[in-house]
Each structure stands twice: as structure tokens, then as C-alpha cells.
There are 2 protein chains.
Amino acid sequence: MQKEVFLKILGERIREIRERKGITQKQLAHAIDKDQQSIQRLETGKINPSIYYLLEVAHGLEVELDILIINDSKV
Amino acid sequence: MQKEVFLKILGERIREIRERKGITQKQLAHAIDKDQQSIQRLETGKINPSIYYLLEVAHGLEVELDILIINDSKV
DNA sequence: TTGGAACACAACGGATATGTTGTATTTTCC
DNA sequence: GGAAAATACAACATATCCGTTGTGTTCCAA
């Protein structure tokens, strides 16, 4: 799968989970000591985040890390 | 979980999968157009790899990406 | 003992992630 | 429509990834 496509889908998935929780980018960011712009870049697929960064986001969303992960076969 | 601990466990897990497949760091690296040193840094937990880099490694190992992922609750 | 294979370590350069600030745009709600 | 909130975009500085080269160490086989 192409990198850009992968990152875009990852971002969309994270956004879905966040919205399902009913919190804003800012609230998620502050919960994990980041800021809104950082979450925005992630959700829009503009960056290729590190795995630890994703772990922190998963914590902020109160989900397991693997829930954020996309496998090729699922796309 | 501490970053260093997380990355170390991730690296160990990747090494286990690679060894179970019976291939060397060099073989894995070349299969995904990287080199041995890059895989070495990953397996020893010296870096915080990007998610897309991990996806490529998963391809090289012929596993799904989420197999590489550690959740806090599992550690 | 020598040679080769496998793994580890260090350093360098270019690219890019991430934190940050500022601001623009969009959405929501009155 | 207007205000406020939410999201998006841009740019800058710093840190770090990743590719790369060179080399060291260990182990095994010939």
C-alpha cells in the first residue's frame, strides 16, 4: 500500500475513534500533553508518526494501540 | 510504559519473529530494500520507528502489522 | 588459525517528525 | 448574520529517524 494512502487511512481511523468519544482535537492533545496542531497533522495524514507517539495517542483515546493499526488485508 | 522499555520489547518481538522465520537481519533488510544496520537498530530498541517503517518490516516478515504491536495490557 | 557470516556500534548527512506560535478557515449555535 | 469553538494551514527550531559507510566483535567451520 502506498505510504500516503496508509497514513491517510490511519488518520481517519483515529479521528473516528476520537469523535466517537465526543472529544475535540484540543482535548485529546491536552490529555497527552501535546497540542491541537499535532493531532491535526496526524488525523489528516500529513505525517508518518512514530510508534511511541501513536501509543500516547492510544492512551489519550483510551484504546489499545493495535486498534489504531491498519493491516493491508483490512484495506 | 516507559518509552525505552516499550521500544526494547518491540525490538525483541521483531527479532523473535525474524528468527522463527530463520532469516538473518541482512536477508530481512534486503527483502524490504533496507540494510542490516537499520534492522539492527530496530531490534535493539535504539530507535522509535515510524509506523510506516514498521509496516515495511511486517511485510518483510510476512506478518500483519498488528502482530508487531505491543499493548500496555499485554506487558 | 584463518576466513567468512552474523550481529553490534558509531558517526555523518539529509529528510522529516514534533513542539510551538500565529493565523486562517470552517463549523456550530444563538 | 455574528460570535465562539473547532479544525486546518504555515513556518520555524530542535530533535531524531533513516540511509549509509566504516568498523568491531563473536561464532562457527574449514
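Please read these numbers as outputs of a predicted model, since none were measured by experiment. Naming: A, B, ... by sequence-line order, numbering from 1 per chain.
End-to-end axis angle of the helix from C:dT1-D:dA30 to C:dC30-D:dG1, using five pairs per end and rounding to 10°, comes to 50°.
Within the 4.5 Å cutoff, no side-chain heavy atoms of B:Ile69 are placed close to those of A:Leu55. Between B:Pro49 and B:Val57, every side-chain heavy-atom pair lies at or beyond the 4.5 Å cut-off. The shortest distance between side-chain heavy atoms of A:Leu7 and A:Ile47 does not fall below 4.5 Å. Annotation: side chain of B:Ile39 is not in contact with side chain of B:Ile14 (no heavy-atom distance under 4.5 Å). For the pair A:Leu10/A:Leu54, a side-chain contact is recorded, criterion being any heavy-atom separation below 4.5 Å from C-beta on.
Residues passing the ring pair (Phe, Tyr, Trp, His ring centres under 6.0 Å) test with A:Tyr52, sequence neighbours excluded: B:Phe6. Qualifying salt bridge (charged side-chain N to carboxylate O under 4.0 Å, His left out) partners for A:Glu56, counting only residues two or more places apart in sequence or in other chains: A:Lys34. The salt bridge (charged side-chain N to carboxylate O under 4.0 Å, His left out) check on B:Arg15 picks up B:Glu43, with sequence neighbours excluded. A:Gln27 meets the side-chain contact (heavy atoms from CB on, under 4.5 Å) test with A:Ile23, A:Thr24; sequence neighbours excluded. The salt bridge (charged side-chain N to carboxylate O under 4.0 Å, His left out) test applied to B:Lys21 returns B:Glu62, not counting sequence neighbours.
Residue pairs meeting the ring-ring contact (aromatic ring centres under 6.0 Å, His included) criterion with at least one partner in residues 11-37 of chain A, sequence neighbours excluded, are absent. Here salt bridge (Lys or Arg N to Asp or Glu O under 4.0 Å) pairs that include residues 2-12 of chain A, with residues two or more places apart or in two chains, number zero.
In the region residues 20-30 of chain A, proximity to DNA chain C at under 4.0 angstrom, judged on heavy atoms, holds for none of the residues.
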Could you encode protein contacts along nucleotides 18-30 of chain C as a string, one character per nucleotide from 5' to 3', using B for base contact, S for sugar-phosphate-only contact and - for no contact, with a heavy-atom cut-off of under 4.0 Å? BBBBB--------
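For the pair A:Lys3 NZ and C:dA15 P, the interatomic distance rounds to 13 Å; values are reported in whole Å. The nearest whole Å value for the distance from the NZ atom in B:Lys46 to the P atom in C:dA8 is 8 Å.
For DNA chain D, the contact window with chain B, defined by any atom under 4.0 Å from a protein heavy atom, covers D:dC17 to D:dG22 in 5' to 3' order.
Side chain of B:Arg18 to backbone of B:Leu61: no donor-acceptor contact under 3.5 angstrom is found.
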